[in-house]
There are 2 protein chains.
Amino acid sequence: MSARVRIKDIAEKVGVSTALVSYVMNGKEKEKRVGQDIVKKIREAAGELNYQPNRIAQSLRTGSTKTIGLIVADIAIPFFGQLARVIEDEASKNGFTVIIGSSDEDAIKQGSLIDTFSYRQVDGLIIVPSDGTADQIAALVKQGMPLVLMDRYFPELETCHVCLDNYKASYEAVNHLISQGYQQITMIAYRSGMIHMHERIRGYREAMAAANFANYIKVLEVPYSFSRTETENSIEKCINGNKEIDALLFATNSLTTAGLNYINKMGIKVPDEIGIVGYDGNEAFDFFYAPITIVEQPLNEIGTKSVNTLISLMNDPDKIVRFDLSHSLNIRKSSR
Amino acid sequence: MSARVRIKDIAEKVGVSTALVSYVMNGKEKEKRVGQDIVKKIREAAGELNYQPNRIAQSLRTGSTKTIGLIVADIAIPFFGQLARVIEDEASKNGFTVIIGSSDEDAIKQGSLIDTFSYRQVDGLIIVPSDGTADQIAALVKQGMPLVLMDRYFPELETCHVCLDNYKASYEAVNHLISQGYQQITMIAYRSGMIHMHERIRGYREAMAAANFANYIKVLEVPYSFSRTETENSIEKCINGNKEIDALLFATNSLTTAGLNYINKMGIKVPDEIGIVGYDGNEAFDFFYAPITIVEQPLNEIGTKSVNTLISLMNDPDKIVRFDLSHSLNIRKSSR
DNA sequence: TTGAAAGCGTTACCAA
DNA sequence: TTGGTAACGCTTTCAA
């Protein structure tokens, strides 16, 4: 590697002190009243030598790394992949670099990611917290680490968050099904202590109750699993031969996928025999033989708001803001 | 933020110099022959004060950030998302942190990511290079930046790479179709100067020629686009009413998806009227009414090999190795 | 076996 | 306007 050019090299070449070079490189020549000709000389020398500041040294000196740590539940899930991309873009627009970690919904792994990131002196953290990690988050808050929770949060903690208004989303999803004539709507969710799941379920329950279908309320909580087969089996056990279900509300994309596979297999007819609404669409649904209604999250908004909230938090640590954004109910048309 | 504990705080507490603390924290107490009791005291003090070393200071001093920069073509594509996850895991096992960037197949964006990463003094780079960026890569090589290209490479450059053996994959995909009785096999690829596309096409051509179907060789090169509708239109133009096609080989996952949508729409029957093989599967295919044969890449191997190659390159900068890994031909069963 | 101190590349205070 | 220099927190050499 060709020896890196340092600020000192420029200073020597021009015949000034490192201080002046630093001022010029940081655009403070006006503020510090550096002479016009010297500014020009320094600029030229920097260009000739192809000077690149050393961020590490800057970070050590300034105490800021201009780095954001992002911990998502699973980077291999397109929803989080897309979110990561939006966040990276927005951060970069603001001069920040993002380091990404995938917790795989595992508290231990999340903890070690937090350690790694804090060891690396990130300026702030955006986290999609896993189940059972309220203590980790509380510890970060106590430390004073700038922090934005995304997609989920802990209501008992004083943190910023950017999430979907899950209650409203489920409520309206149920009403949509009802408006199509369905009544015996069952919800299929993951078993989880996290608020987003609870809110999705609560929205369902209250919408059902409001429509006087309280006696049809039925929630199947599937244990979280990376294996789709397992998830499908759980769903199968619930639906199989159950004549008292005429519609399904799936709480996540992976549950929808698993459920549709099962429905496909059994030859159950959508939408005649069963109505479907699922959270988060993907291109897979276009191959399904029938159109599927989905609860779509405002990805761009979630990502950009998370970044911007975090950045303002760095400047104003006590300003807690919370966003519960609105979904849209879209139809994923079948290409058949 | 509670004032960070420094090595100096421990030294003062124990009543020794910072050197000793540094030795102990880095596990060099044997090598440096530090007294047993002092080691113990330092350990205790570090524990009590909850000492966390400052990576930035370490990096500045040692010249190594223990960071890998990863640039993928598009982090929102599941293939790259999964790869990112594997890479992050493997890097972390080796004490490295990964910073990820998405070039969106854009040379300019890739260039600015390289700048950002090098500004951040990454110890090495894993890149999925975009079309037309050979000069960027050549510049990195010239600088002596440890570098591994992934998924694609530039044959004219002396770089390490970890890729699929795309030639072989296409060759065998064609033979698979032929063994099923298809003859008039058309390939649908992206228009690209990149080697992986060329190799996929070359494998197709040679397999066709070897089977004496040279006169059926037909390659449709679709311009790259983020819009699936555009891609579908291009495919439509090629297939529409063309009676001289009895099978299609799609060069990427997105092309397969677009193509299957078109086939769905037209009611063309798979596999009776047309045979299909596509690169990289995804769960969407399970919803397609017929089973689809896919060329599957060894994700884990690609990811881990890339990381390990990069790490050995850091220690031994002149050791250029190239991997062209084998695919497997799998059937994605329809759930119908 | 231990400690003092130089230095990594910057920034920013203070003095000139 | 400009320059000298201490400091950021750590590692590592050299001397004791």
Side-chain angles (χ1 to χ4, degrees), chain A residues 1-43 45-46 49-67 95 118-121 123, chain B residues 1-42 45-46 49-67 95 118-123:
Chain A
M1 179 131 31
S2 51
R4 285 195 76 102
V5 178
R6 296 153 306 155
I7 228 174
K8 204 178 155 203
D9 299 317
I10 301 181
E12 280 170 5
K13 178 160 179 156
V14 179
V16 295
S17 77
T18 60
L20 287 216
V21 181
S22 175
Y23 293 148
V24 175
M25 295 326 290
N26 291 302
K28 295 192 182 166
E29 64 269 16
K30 288 271 183 300
E31 188 187 326
K32 295 292 178 179
R33 305 150 163 280
V34 182
Q36 290 285 322
D37 45 339
I38 294 205
V39 171
K40 209 178 138 203
K41 274 192 201 158
I42 291 177
R43 286 256 161 71
L49 298 175
N50 187 26
Y51 171 70
Q52 299 281 106
N54 182 327
R55 250 255 147 246
I56 301 301
Q58 287 180 327
S59 297
L60 180 60
R61 178 63 232 228
T62 61
S64 154
T65 53
K66 286 292 216 170
T67 302
S118 110
Y119 173 42
R120 302 232 162 212
Q121 333 288 132
D123 289 342
Chain B
M1 180 131 31
S2 52
R4 285 195 76 102
V5 179
R6 297 153 308 154
I7 228 173
K8 202 178 157 205
D9 299 317
I10 301 181
E12 279 171 5
K13 178 160 179 159
V14 179
V16 294
S17 76
T18 59
L20 289 211
V21 181
S22 174
Y23 294 150
V24 174
M25 295 325 290
N26 292 303
K28 296 193 181 164
E29 64 269 17
K30 288 269 183 302
E31 188 187 324
K32 296 292 177 176
R33 303 151 165 281
V34 182
Q36 290 286 321
D37 44 339
I38 293 203
V39 171
K40 210 177 136 203
K41 274 192 202 160
I42 290 176
L49 297 175
N50 187 26
Y51 171 70
Q52 298 281 105
N54 181 327
R55 249 256 146 245
I56 301 301
Q58 287 179 328
S59 296
L60 181 59
R61 179 61 230 227
T62 61
S64 154
T65 53
K66 286 291 216 171
T67 302
S118 108
Y119 175 43
R120 303 235 162 209
Q121 335 288 134
V122 294
D123 289 343

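Sequence lines set the chain letters: A, B, ... in the order given, protein chains first and strands last, and positions in each chain run from 1.
- At a threshold of 4.5 Å between non-hydrogen side-chain atoms, the residues A:Val21 and A:Val14 do not count as touching.
- No donor-acceptor pair closer than 3.5 Å links the side chain of B:Arg6 to the backbone N or O of B:Asn54.
- Taking atom CD on A:Glu29 and atom P on C:dA12, their separation rounds to 15 Å, with Å as the unit.
- Of the candidates D:dT12, C:dC8, C:dT11, the closest approach to any side-chain atom of B:Ser22 belongs to D:dT12.
- Toward the 5' end of DNA chain D, the nearer of the two residues A:Ala19 and B:Val21, judged by each one's closest nucleotide, is A:Ala19.
- At whole-Å resolution of the value, CD in A:Glu31 and C1' in C:dA12 are 11 Å apart.
- Among the atoms of the strands shown, only primed sugar atoms or phosphate atoms (P, OP1, OP2) are found under 4.0 Å from some heavy atom of B:Arg6.
- Base contact: A:Thr18 has a heavy atom under 4.0 Å from a base atom.
- Whole-Å rounding puts the B:Gln121 CD to C:dT10 C1' distance at 12 Å.
- Regarding contacts with the backbone of C:dG9, every side-chain N or O of A:Gln58 stays at 4.0 angstrom or more from both OP1 and OP2.
- Using a 4.0 Å heavy-atom criterion, one finds that B:Lys32 contacts the bases of the nucleic acid, with or without backbone contacts as well.
- Considering only heavy atoms from C-beta on, A:Lys41 stays 4.5 Å or farther from A:Val16 through its side chain.
- Rounding to the nearest 0.5 Å places CZ of B:Arg4 at 13.0 Å from CG of B:Leu49.
- Within the structure, every side-chain polar atom (N or O) of B:Lys8 is placed at least 4.0 Å from both OP1 and OP2 of D:dC8.
- Comparing B:Arg61 and B:Asp37 by the nucleotide of DNA chain C whose heavy atom lies nearest to each, the residue mapping closer to the 5' end is B:Asp37.
- Not one side-chain nitrogen or oxygen of B:Tyr119 sits closer than 4.0 Å to the OP1 or OP2 atom of C:dT10.
- Atom CG in A:Leu20 sits about 6 Å away from atom P in D:dT2, given to the nearest Å.
- In this structure, the CD1 atom of B:Ile56 is 14 Å from the P atom of C:dT10, given to the nearest Å.
- Across the protein-nucleic acid pair, B:Ile7 atom CD1 and C:dA4 atom P stand 15 Å apart, rounded to whole Å.
- Separating the CG atom of B:Asn54 from the P atom of D:dC8 is a distance of 12 Å, rounded to the nearest angstrom.
- Contact of B:Tyr23 with D:dT13 (side chain to base): a donor-acceptor pair of N or O atoms is detected under 3.5 Å.
- B:Met25 places its CE atom 17 Å from the C1' atom of D:dT12, with the value rounded to the nearest Å.
- In terms of modelled atom types and a separation under 3.5 Å, the side chain of A:Thr18 and the main chain of A:Ile7 share no donor-acceptor contact.
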